[in-house]
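Remember, it's a predicted structure, so these values are computed and weren't measured experimentally. Counting convention: from 1, in listed order, for ligands and their atoms alike.
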Amino acid sequence: MTDFGSVGAEYAAHSHSARGRLRHDLVARRLLAELPARPARILDVGCGNGEMTFRLAAAGHDVTGADPSARMLAEAARRLGADHSELADRVRLVEAGVEALPFDGERFDAVCCHGVLMYLDDPAEPVARLAGLVEPGGLLSILAKNRRSIGVREALRGDYATARRLIESGTDTSPGRLGLATRGDTAEALDRLAAGHGLTPLPWQGVRIFHDHLDDAWAPDPATYEAALELEWTASWRSPHRDIAHLVHTLARRPERGTRGPALPDPAG
Ligand SMILES: C[S@@+](CC[C@H](N)C(=O)[O-])C[C@H]1O[C@@H](n2cnc3c(N)ncnc32)[C@H](O)[C@@H]1O
């Protein structure tokens with residue numbers, strides 16, 4: 001496993017930049033729209049420094065953040081104590097990776113796994129484990145690197161040779177911003193995996209279409225940031241724009257008890 005703790009400080013800096021915030025704002029907006037108004041039990045797998053965990057808890061939900069990196073989890077705990085102490089009774093932090101989640105028999109109204117699959121070799125087993133923890137009526141929310149956009153960031157940054165090599169090779173892996181190689185998935189493949197475990201896929205969104213190639217020094221004024229966010233939100237649902245987003249946000253819901261599950265999407269589709 002990648003020791004994410006070694007790049008944790010860099011990730012925290014990115015997370016708080018306008019470019020990082022754009023991602024969190026888009027993902028949180030969709031998630032909060034799909035969650036029930038009542039307090040929901042949410043599991044955030046690979047919670048990192050806790051950004052989404054805290055946002056969901058601040059909206060009134062009870063959130064368990066799990067991460068295998070002791071250093072990332074320590075940073076989440078530090079932030080909880082220092083900046084979000086009012087959320088302490090709604091947040092639980094657990095040191096565990098997706099391979100060994102200690103929640104036998106426990107089910108959640110929503111299971112999130114954001115920015116994690118890109119560090120794992122294969123999404124099938126993790127998605128199976130995550131889907132198995134979703135309560136009837138509950139949601140699975142996955143944010144993954146978009147396999148279809150590999151090479152786009154490099155091209156827009158002017159690194160034409162790398163972009164051409166990545167696009168020509170058809171690879172599913174490219175260097176990420178933190179210096180770690182990261183693997184992409186397609187939204188359709190993630191939807192098929194979720195459907196294979198009885199969940200019904202919901203419309204997926206592309207996250208960071210027009211602003212991914214900027215660096216973390218991008219510092220728009222508040223009005224420009226709002227305009228950028230609204231543009232990204234509008235385009236996030238639509239092809240061809242969403243197809244070249246750096247990330248895909250897929251969601252799937254487990255049918256309520258007694259209702260029919262999804263028909264499996266066409267594997268060739
Ligand atoms: C890019 S950060 C994302 C953090 C957070 N989910 C977010 O979206 O801001 C990736 C996180 O995945 C965690 N991670 C790495 N391998 C994992 C695994 N096998 N299971 C769960 N989390 C893992 C890392 O420790 C790190 O905290």
Side-chain angles (χ1 to χ4, degrees), residues 1-32 42-58 61 63-80 83-84 91 93-103 108 110-133 140-146 173-185 190 205 207-208 212 216 245-251:
M1 186 193 80
T2 304
D3 176 12
F4 212 86
S6 60
V7 291
E10 257 178 279
Y11 182 70
H14 157 70
S15 204
H16 294 120
S17 70
R19 197 173 147 271
R21 195 149 47 90
L22 199 59
R23 158 200 168 161
H24 294 306
D25 284 351
L26 290 163
V27 171
R29 182 164 167 177
R30 174 69 185 282
L31 254 181
L32 292 172
I42 302 178
L43 174 62
D44 185 10
V45 177
C47 65
N49 66 4
E51 181 65 29
M52 193 58 62
T53 302
F54 301 146
R55 286 180 180 232
L56 296 171
H61 301 296
V63 193
T64 300
D67 201 288
S69 163
R71 288 162 76 180
M72 292 302 276
L73 215 57
E75 176 57 10
R78 187 200 64 75
R79 292 183 71 204
L80 180 62
D83 307 328
H84 302 284
V91 171
L93 297 172
V94 174
E95 191 176 324
V98 64
E99 305 79 5
L101 293 168
F103 304 115
F108 296 86
V111 175
C112 303
C113 186
H114 299 161
V116 176
L117 292 185
M118 60 186 74
Y119 300 102
L120 308 182
D121 292 338
D122 191 320
E125 186 65 33
V127 172
R129 290 177 189 276
L130 297 166
L133 292 166
L140 174 64
S141 167
I142 293 180
L143 184 71
K145 174 164 164 166
N146 181 10
T173 302
S174 63
R177 277 289 171 89
L178 300 175
L180 307 171
T182 51
R183 193 191 54 78
D185 291 296
L190 293 173
Q205 288 173 275
V207 173
R208 232 167 38 210
D212 180 68
D216 287 347
H246 185 64
L247 301 162
V248 287
H249 186 197
T250 65
L251 293 104

> Strictly under 4.0 Å, does any heavy atom of His24 approach an atom of ligand 1?
Replying inline: yes
>> I'd like the name of whichever of Ala76, Gly46, Gly20, Gly115 reaches closest to atom 4 (C) of ligand 1 through any heavy atom.
In response: Gly46
Given that the side chain starts at C-beta and the backbone is N, CA, C, O, which of these parts of [X] lies under 4.0 Å from ligand 1, counting heavy atoms, or is it both or neither?
X	result
Pro68	side chain
Asp67	side chain
Leu120	side chain
Met72	side chain
Arg177	neither
Met52	neither

List every atom of ligand 1 that sits less than 4.0 Å from any heavy atom of [X], numbering the atoms from 1 in the order shown and giving each element.
X	value
Gly97	20 (N), 21 (C)
Ser69	25 (O)
Arg23	7 (C), 8 (O), 9 (O)
Val116	12 (O), 17 (C), 21 (C), 22 (N), 23 (C)

> Is there side-chain contact between Leu117 and Val98, with at least one heavy-atom pair below 4.5 Å?
Replying inline: no
>> Quick one, Val248 and Asp185 - any side-chain contact, counting heavy atoms below 4.5 Å?
In response: no
>> Any nitrogen or oxygen of His114, side chain or backbone, less than 3.5 Å from one on ligand 1?
In response: yes
> Can you find an N or O of Glu99 that's nearer than 3.5 Å to an N or O of ligand 1?
Replying inline: yes
> Where do Ile42 and Cys112 come nearest, in terms of heavy atoms and distance?
Replying inline: CG2-SG, 4.0 Å
>> Donor-acceptor check, side chain of Asn49 to backbone of Glu75, threshold 3.5 angstrom: yes or no?
In response: no
> Distance-only, no hydrogens or angles: does the Arg23 side chain make a donor-acceptor pair with backbone N or O of Arg208 under 3.5 Å?
Replying inline: no
>> Exactly one of Thr64, Val45, Leu73 should register a side chain to side chain contact (heavy atoms under 4.5 Å, CB included) with Val94. Which one does?
In response: Thr64
> Who passes side-chain hydrogen bond (donor to acceptor under 3.5 Å, both in side chains) against Arg30, sequence neighbours left out?
Replying inline: Glu34, Gln205
> side-chain hydrogen bond (donor to acceptor under 3.5 Å, both in side chains) with Arg55: which residues, sequence neighbours excluded?
Replying inline: Asp25, Glu51
> What distance separates Cys113 SG from Ile142 CD1, expressed to the nearest 0.5 Å?
Replying inline: 6.0 Å
